[in-house]
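Working notes, beginning with the structure itself.
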Amino acid sequence: MASKKQGKGAEKEVPKQSLFARESSGLVREISWITAMFISMGFIAFYVLPISFLSGLSVSPNGLIVIGALLSWVVLLPHAYLWTKISERYQRTAADYIFASRVLHPAIGVGVGLVFGISQMIFDAAIVYDGVGQLQTGFSALDINFGGPYGGIASLLSNPFVVLTVGAITFTGVILINIFLPKYTNHIMGAITVIALVTFITAGVLMHFVTPADITKAGYDYSSIVAESSKATPLFSNTILATIGLMVFTASFLPFVNGATSVAGEIRGGSKAFRLGVLAALVVAGILITFFIASSVSSLPPSFFIGAGVISSSSPLLNPVFDTVVSVNNLPLDLFLVIGSYFWYLAIMFAVALFVSRYFMAVAFDKALPTVISYVSEKYHSPVVAHLIDEVITIGSLTVITVTPLSTAFFYGMDTADAMALLFGFIVTIIASIVASVLANGMELKGPRPVILGVSIADLIVMSIYAYYWFGNSSTYLGITMNAETWGIVASPFIAGIVIYFVMRWYRLRKEGIDIRNSFREIPPE
């Protein structure tokens with residue numbers, strides 16, 4: 001609008017700028033409590049946890065296996081409760097980012113938002129890679145039972161370029177569905193999750209019936225594998241510490257209860273939806289994990305898994321689908337186990353793709369990233385640009401994993417990404433809850449303040465213990481040595497978020513006359 005003179009001393013009219021990048025998120029608000037639970041369960045990624053947990057037995061052979069699996073999720077109940085309260089209090093996109101950025105300094109909040117987004121893109125690339133690896137392992141087991149074309153398929157899926165192609169096509173399909181079919185994404189993800197759950201439970205039941213004879217049939221010397229267990233060097237001599245050491249192998253998965261929190265602005269059903277979407281997801285996933293681990297060691301002794309881990313942490317014998325397929329020897333059921341287990345990874349991909357896009361979108365919504373990232377298609381009601389950023393970075397990371405010499409370094413980076421999220425995502429948000437409870441400045445979570453404060457402190461203790469184990473034994477849990485360079489990598493997204501905030505604040509003040517600091521004093525309208 002052109003300025004108008006209204007007499008002596010009149011000032012130019014300044015076009016009114018919106019405080020936020022969008023007045024409404026424009027997203028499809030059709031997520032039910034059960035879909036929210038499926039998103040949380042997919043984001044927890046518990047489907048692949050048995051492989052990680054069984055591999056960890058060679059590191060903590062003196063740990064209490066079933067007790068460790070049970071406590072892995074029980075000690076995280078305060079964590080899930082806290083994120084349930086965050087979701088209920090701030091029913092907005094990326095609710096925990098909103099909470100941390102409003103309670104603490106905006107720059108710290110932007111760091112949290114970028115940490116969650118960037119770390120999970122790296123994680124998703126590894127999930128895409130491992131998903132193809134799961135198919136390869138399954139078909140190699142089918143080859144043992146039935147021969148024929150299955151060995152050829154397994155060999156083909158071990159080719160790095162085939163892995164890249166299959167993975168890229170699969171993940172691109174996930175992104176395109178999220179962009180162009182958001183009204184159906186929840187139904188598609190629900191169907192995938194049901195298949196994943198049925199396969200997971202079936203595999204867990206069948207693990208109880210795997211015998212040493214089945215291992216021998218697969219071409220392995222069972223006695224030699226068990227004998228290798230004596231060569232395992234415990235990381236901790238004390239049984240309690242060793243059990244905690246086993247629990248730490250779940251820390252790359254179970255603490256990630258904020259899948260539903262990322263889409264809190266899109267969930268129907270109020271407080272009940274968030275209680276079921278966050279807390280119930282951890283309980284259901286935890287019960288299934290405990291059942292699966294207990295079933296695995298009920299027929300094959302722990303010494304078998306310890307020995308297999310000593311021989312190789314990537315041994316197919318540590319993959320329950322390989323063991324059950326070899327044991328069952330029923331083609332229809334075996335094919336279901338192999339193909340169905342790939343849905344474990346698809347369920348995770350869908351959940352993480354939703355998660356990543358919402359965090360980038362939310363930070364851009366507050367004008368701390370370029371506004372175009374917050375763009376939501378009026379036709380499809382999906383965050384197109386945010387999804388495309390996820391596509392480019394994830395496929396780029398997948399390329400690094402599969403066809404470059406940097407593969408090993410990247411996988412170190414994947415574990416480091418989990419450390420980023422633990423230290424600069426979850427712990428910082430927990431601190432925000434403690435600060436809000438102490439200050440009682442109107443930003444605190446709903447519920448009795450002493451209860452929220454106590455839960456937050458308990459959660460901080462658990463997360464700090466996990467961080468202590470991870471960083472104190474980084475070569476075991478992260479595959480890296482913690483030094484100044486490594487710490488710089490772990491902290492880089494958080495530091496980048498702080499720098500980006502101040503740069504964007506300066507830029508928008510200069511170019512648009514908007515102080516984005518003001519957007520962090522309000523809750524964005526959605």
Side-chain angles (χ1 to χ4, degrees), residues 36-37 39-46 49 52-53 68-90 94-100 103-104 112 115-116 119-120 123 244 246-264 271 274-290 351 355 359 418-437 444-470 477:
M37 187 171 74
I39 292 171
S40 288
M41 291 170 70
F43 195 63
I44 288 172
F46 76 95
L49 198 152
S52 175
F53 194 90
L70 176 65
L71 291 178
S72 291
W73 63 272
V74 170
V75 299
L76 289 173
L77 288 175
H79 183 68
Y81 177 81
L82 182 59
W83 255 259
T84 300
K85 288 299 180 182
I86 292 173
S87 301
E88 292 177 354
R89 177 71 169 82
Y90 298 95
D96 44 2
Y97 153 75
I98 298 295
F99 177 55
V103 174
L104 305 175
V112 169
V115 162
F116 278 136
S119 66
Q120 295 316 293
F123 174 78
I244 297 174
L246 276 179
M247 294 164 59
V248 175
F249 280 98
T250 71
S252 295
F253 306 95
L254 292 183
F256 289 83
V257 297
N258 51 338
T261 306
S262 68
V263 292
S271 298
F274 295 110
R275 285 194 296 272
L276 294 170
V278 180
L279 195 59
L282 176 67
V283 173
V284 172
I287 290 173
L288 290 177
I289 283 297
T290 306
F355 180 93
Y359 280 85
D418 289 326
M420 292 175 189
L422 180 74
L423 196 59
F424 295 106
F426 291 122
I427 288 180
V428 172
T429 305
I430 295 166
I431 291 173
S433 178
I434 294 172
V435 170
S437 297
E444 63 269 21
L445 303 176
K446 294 179 180 179
R449 272 205 301 149
V451 173
I452 299 297
L453 181 60
V455 167
S456 301
I457 292 173
D459 191 20
L460 181 62
I461 291 171
V462 173
M463 293 294 106
S464 298
I465 290 173
Y466 279 172
Y468 175 78
Y469 268 72
W470 264 9
Y477 291 108

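Nearest heavy-atom pair across Val278 and Ala260 is CG2-CB, 3.9 Å. Of all the heavy atoms in Ser433 and Leu82, the pair that sits closest is OG-CD1, 3.3 Å. Contact between Phe116 and Ser119 at its shortest, heavy atoms only, is O-OG, 3.4 Å. Taking all atoms of both residues into account, the shortest heavy-atom contact from Tyr466 to Ala251 is CD1-CB, 3.7 Å. The shortest non-hydrogen separation linking Ala45 to Phe253 is O-CD2, 3.5 Å. Contact between Gly42 and Ala351 at its shortest, heavy atoms only, is C-CB, 3.8 Å.
Proximity of Tyr81 to Asp459: side-chain heavy atoms (C-beta onward) are nowhere separated by under 4.5 Å. At least one side-chain heavy atom of Val284 sits under 4.5 Å from a side-chain heavy atom of Met41. In this structure the side chain of Trp470 reaches within 4.5 angstrom of the side chain of Tyr477, judged on heavy atoms. Two residues are said to be in side-chain contact when any heavy atoms from C-beta on lie closer than 4.5 Å; Val257 and Leu76 fail this criterion. In this structure, the side chains of Arg275 and Glu88 come closer than 4.5 Å at one or more pairs of heavy atoms. For the pair Leu445/Phe99, a side-chain contact is recorded, criterion being any heavy-atom separation below 4.5 Å from C-beta on. You'll find the side chain of Leu77 reaches within 4.5 Å of the side chain of Val283, heavy atoms only. For the pair Phe249 and Leu254, the minimum side-chain heavy-atom distance is 4.5 Å or more.
The aromatic rings of Phe355 and Phe43 sit parallel, their planes meeting at an angle under 30°, below the 60° perpendicular limit.
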Let me see the working for Thr250 and Trp73 under side-chain hydrogen bond (donor to acceptor under 3.5 Å, both in side chains), right down to the final yes or no. CA-CA 9 Å; Thr250 71; Trp73 63 272; over 6 Å; no
side-chain contact (heavy atoms from CB on, under 4.5 Å) between Ile430 and Met463, intermediate numbers included: CA-CA 9 Å; Ile430 295 166; Met463 293 294 106; 3.6 Å; yes
Ile452 and Glu444: CA distance, side-chain angles, deciding distance, side-chain contact (heavy atoms from CB on, under 4.5 Å) verdict: CA-CA 9 Å; Ile452 299 297; Glu444 63 269 21; over 6 Å; no
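Here the side chain of Ser52 pairs no donor or acceptor atom with the backbone of Leu49 at under 3.5 angstrom. In this structure a side-chain-to-backbone donor-acceptor pair under 3.5 Å is present from Arg449 to Ser437.
With values rounded to the nearest 0.5 angstrom, Leu460 atom CG is found 6.5 Å from Ile427 atom CD1. One distance of note links OG1 of Thr290 with CZ of Phe53; it measures 8.5 Å at 0.5 Å rounding. Asn258 CG to Ser87 OG: the interatomic distance, rounded to the nearest 0.5 Å, is 8.5 Å. Ile44 contributes atom CD1, which lies 13.5 Å from atom OG of Ser252 (distance to the nearest 0.5 angstrom). Note that CD of Gln120 is 9.5 Å distant from OH of Tyr359, once rounded to the nearest 0.5 Å. Atom CG of Leu71 sits about 9.0 Å away from atom CD1 of Ile244, to the nearest 0.5 Å.
Using modelled atom types, one finds no donor on one side chain facing an acceptor on the other under 3.5 Å when comparing Thr429 with Trp83.
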